[in-house]
*Asks:* 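This is the structure I want to talk about, given as structure tokens.
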Amino acid sequence: MADRSFLSWPFFEGRHREHAERLEAWCAQNLPVDHDDVDAACKSLVAKLGEAGFLKASAIDPANPAPLDVRTLCITRETLARHDGLADFAFAMQGLGTGAISLFGTPDQQKWLEKTRAGKALSAFALSEPRSGSDVANMEMTATREGDHYVLSGEKTWISNGSIADVYVVFARTGEAPGARGISAFVVPADTPGLNVADRLEVIAPHPLARLAFNQVRVPASALIGKPGEGFKIAMSVLDVFRSTVGAAALGFARRALDETVSRAGSRQLFGAPLFDLQMVQGHIADMALDVDAAALLIYRAAWTKDSGAPRVTREAAMAKLFATDKAQEVIDKAVQIHGGDGVKKGHIVESLYREIRALRIYEGASDVQKIVIARQVMGA
Ligand code: COS
């Protein structure tokens, strides 16, 4: 059983501990799932998480709007990731995909949230493009106003849930100003004519991922989220909320790797004694535990700061994501090393963790981008 003493830290309230208990029990009953058909697995996970009520945390309740609780988002991602990376992915996308609608959507746009929170619709966040990943302001996709419609043309890539989402939040250049100030955000239902899956993308830890083509996609002006030209700030505000949750998923993977290593070190005999008797193994385990606790502190500091009403947690969220994802990679690498041959055997839990963690250091702002963000914040730029 993973160390959950962190739940007694002062960052949390009783409702967070109760949520963690309920989710842990659900995970023990329902996870892991079969990953052979990732589309089917994700749809089924979303339906089941919705039925069990866990997706309510992923978006605001339009009938009773209160800010997203980032601590609950982080606890949920950490717990799901510890049991099954695909379950974490399915939950995370319901939040990231609808984040702009939760934070800035009109009541009409927020009707989507009733469905996504119940697990009856899947959502996706369409920001990245072939020539604009880290450099969001360099976006090329256009949205041109034509009467009471906008017409979207261009491409989006690396879109998680691409091809299985029911609704996309899409960012496109509306041209109010060059760069970051000329981008807007739109709600685009997946069945809008002209929106097509151009390519499915296969990655080392398979999940639904696609390149999307927008060929003269017409949406009503009411699909605009916020005001024209506010899209970049909307995207950054969404990432401020969800970046610490990426750290939380990495923390879940790292905790699982640590648990597996502790049990391996206690049971595996080497040179006539348990592996754990080797000081070098003890040293690795100490480093792993230290990184896990330090990551948890940064993640829940960021989440608590946001939940306490801070308008921006850009610095805290970037630190949490950077540290937790980079350190989880190191923790998992040590776990693989201590597991020896088994650690690289297809299907072994630490082998899958080794594949699962890598993309987290890239998506929602690569580690290198987080350093830019932190440095700018520290320098007051
Ligand atoms: N919240 C609100 N507003 C923000 C913000 C935030 N977190 N970050 C920046 N802004 C605002 C700035 O204040 C600035 O406003 P003004 O024009 O009024 O001054 C505007 O947005 C532009 O900001 P900046 O000049 O910093 O933009 P850059 O193009 O230099 O942005 C980074 C650079 C690298 C920080 C940004 O492009 C980024 O985060 N990239 C990573 C993208 C990412 O995560 N991609 C993954 C997509 S999801 S898989």
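As the structure lists them, so they are numbered: ligands from 1, and atoms in each ligand from 1. Because only heavy atoms are used, hydrogens play no part in the values below, and waters and symmetry mates are left out as well, while side chains stay in.
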*Asks:* So which protein heavy atom does atom 49 (S) of ligand 1 come closest to, and at what separation?
*Replies:* Glu364 N, 3.3 Å

*Asks:* Going by the atom numbers of ligand 1, which of them fall below 4.0 Å from some non-hydrogen atom of Leu127?
*Replies:*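 In order of numbering, the contacting atoms are 47 (C).
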
*Asks:* Does the side chain of Phe6 come within less than 4.5 Å of Asp293's, by heavy atoms?
*Replies:*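 No, too far: nothing below the 4.5 Å cut-off.
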
*Asks:* Considering all protein heavy atoms, does one lie under 4.0 Å from atom 32 (C) of ligand 1?
*Replies:* no

*Asks:* Checking the N or O distance criterion of under 3.5 Å, is ligand 1 in contact with Ala180?
*Replies:* no

*Asks:* Among all the protein's non-hydrogen atoms, which is closest to atom 3 (N) of ligand 1, and how far away is it?
*Replies:*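 Answer, as residue, atom name and distance: Arg312 NH1, 3.6 Å.
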
*Asks:* Are a donor atom and an acceptor atom from the side chains of Asp84 and His35 found within less than 3.5 Å of each other?
*Replies:* yes

*Asks:* Between Lys111 and Asp108, does at least one N-O distance fall below 4.0 Å, as a salt bridge requires?
*Replies:* yes

*Asks:* Numbering the atoms of ligand 1 from 1, which are under 4.0 Å from a heavy atom of Val369?
*Replies:* 34 (C), 40 (N), 41 (C)

*Asks:* Return the closest protein heavy atom for atom 38 (C) of ligand 1 as residue, atom name and distance.
*Replies:*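 Checking every protein heavy atom, the shortest distance to atom 38 (C) of ligand 1 gives Met236 CE, 3.7 Å.
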
*Asks:* Yes or no, since that's all I need: does a protein heavy atom fall within a distance strictly under 4.0 Å of atom 35 (C) of ligand 1?
*Replies:*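 For atom 35 (C) of ligand 1 the answer is yes, since some protein heavy atom falls inside 4.0 Å.
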
*Asks:* Does Arg181 reach ligand 1 with a nitrogen or oxygen that is under 3.5 Å from one of the ligand's nitrogen or oxygen atoms?
*Replies:* yes

*Asks:* Do Ser5 and Asp3 meet the criterion of a side-chain donor-acceptor pair at a distance under 3.5 Å?
*Replies:*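 On atom types as modelled, these side chains qualify, holding a pair under 3.5 Å.
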
*Asks:* Between Gln282 (side chain only) and Phe276 (backbone N and O only), is there a donor and an acceptor less than 3.5 Å apart?
*Replies:*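 Such a contact is found between Gln282 side chain and Phe276 backbone.
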
*Asks:* Which of the numbered atoms in ligand 1 are below 4.0 angstrom from a heavy atom of Arg376?
*Replies:*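 Under 4.0 Å from Arg376, ligand 1 has these atoms: 24 (P), 26 (O), 28 (P), 30 (O), 31 (O), 33 (C).
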
*Asks:* Nearest protein heavy-atom contact for atom 18 (O) of ligand 1: which residue, which atom, what distance?
*Replies:* Lys233 NZ, 2.8 Å

*Asks:* For ligand 1, which atoms have a heavy atom of Val373 less than 4.0 angstrom away?
*Replies:* 35 (C)

*Asks:* Looking only at heavy atoms, is any part of Leu239 under 4.0 Å from ligand 1, and if so is it the side chain, the backbone, or both, or is it neither?
*Replies:* side chain

*Asks:* Given Phe232, Tyr363, Phe171, Phe242, identify the one with the heavy atom nearest to atom 23 (O) of ligand 1.
*Replies:*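 It is Phe232 that holds the nearest heavy atom.
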
*Asks:* Is any side-chain heavy atom of Leu80 less than 4.5 Å from a side-chain heavy atom of Phe89?
*Replies:*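 They are not in side-chain contact.
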
*Asks:* Are Phe125 and Phe171 an aromatic pair, judged by ring center distance below 6.0 Å?
*Replies:* yes

*Asks:* With heavy atoms only and a cut-off of under 4.0 Å, state how Arg243 meets ligand 1: side chain, backbone, both or neither.
*Replies:* side chain

*Asks:* Does at least one non-hydrogen atom of Gly133 fall below 4.0 angstrom from an atom of ligand 1?
*Replies:*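 True for this residue.
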
*Asks:* Counting N and O atoms only, with roles assigned by atom type, does the side chain of Ser308 sit under 3.5 Å from a partner on the main chain of Trp304, one being a donor and the other an acceptor?
*Replies:*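 Yes, because the side chain of Ser308 sits within donor-acceptor range (under 3.5 Å) of the backbone of Trp304.
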
*Asks:* Only pairs under 3.5 Å count here: list side-chain donor-acceptor contacts from residues 331-348, not counting sequence neighbours, and write none if there are none.
*Replies:*
residue	atom	partner	partner atom	Å
His339	ND1	Ala335	O	2.8
Asp342	OD2	Arg264	NH1	3.0
His348	ND1	Val350	N	3.1

*Asks:* Any atoms of ligand 1 less than 4.0 Å from a non-hydrogen atom of Gly365? List them with their elements.
*Replies:* 43 (C), 44 (O), 45 (N), 46 (C)

*Asks:* For Asp199, enumerate each residue passing the side chain to side chain contact (heavy atoms under 4.5 Å, CB included) test, keeping only those at least two apart in sequence or located in another chain.
*Replies:* Leu201, Arg211

*Asks:* Considering the heavy atoms of Ala137, write down every atom of ligand 1 situated less than 4.0 Å from one of them.
*Replies:*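 Answer for ligand 1: 29 (O).
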
*Asks:* When you compare the side chain of Tyr300 with that of Leu251, does any pair of heavy atoms fall below 4.5 Å?
*Replies:* yes

*Asks:* In the protein, which heavy atom is nearest to atom 37 (O) of ligand 1, and how far is it?
*Replies:*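 Going by distance alone, atom 37 (O) of ligand 1 is nearest to Ser134 O, 3.2 Å.
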
*Asks:* Is there a side-chain contact between Ile225 and Phe186, using heavy atoms and a 4.5 Å cut-off?
*Replies:* no

*Asks:* With nothing but distance in play, are any N or O atoms of Asp135 less than 3.5 Å from an N or O of ligand 1?
*Replies:*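 In this structure, Asp135 places no N or O atom under 3.5 Å from an N or O of ligand 1.
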
*Asks:* Is there a donor-acceptor pair closer than 3.5 Å between any side-chain N or O of Asn30 and the backbone N or O of Trp26?
*Replies:*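 Yes; at least one donor-acceptor contact below 3.5 Å.
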
*Asks:* Taking only heavy atoms of Phe125 into account, list the atoms of ligand 1 that are under 4.0 Å away from them.
*Replies:*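 Going through ligand 1 atom by atom, the ones under 4.0 Å from Phe125 are 48 (S).
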
*Asks:* What do you reckon, does Asp240 put a non-hydrogen atom under 4.0 Å from ligand 1?
*Replies:* yes

*Asks:* Regarding His16 and Asp69, is there a side-chain donor-to-acceptor distance under 3.5 Å anywhere?
*Replies:* yes

*Asks:* Need the ligand 1 atom indices (1-based, order shown) with element for anything under 4.0 Å from a heavy-atom of Val136.
*Replies:* 37 (O), 40 (N), 42 (C)

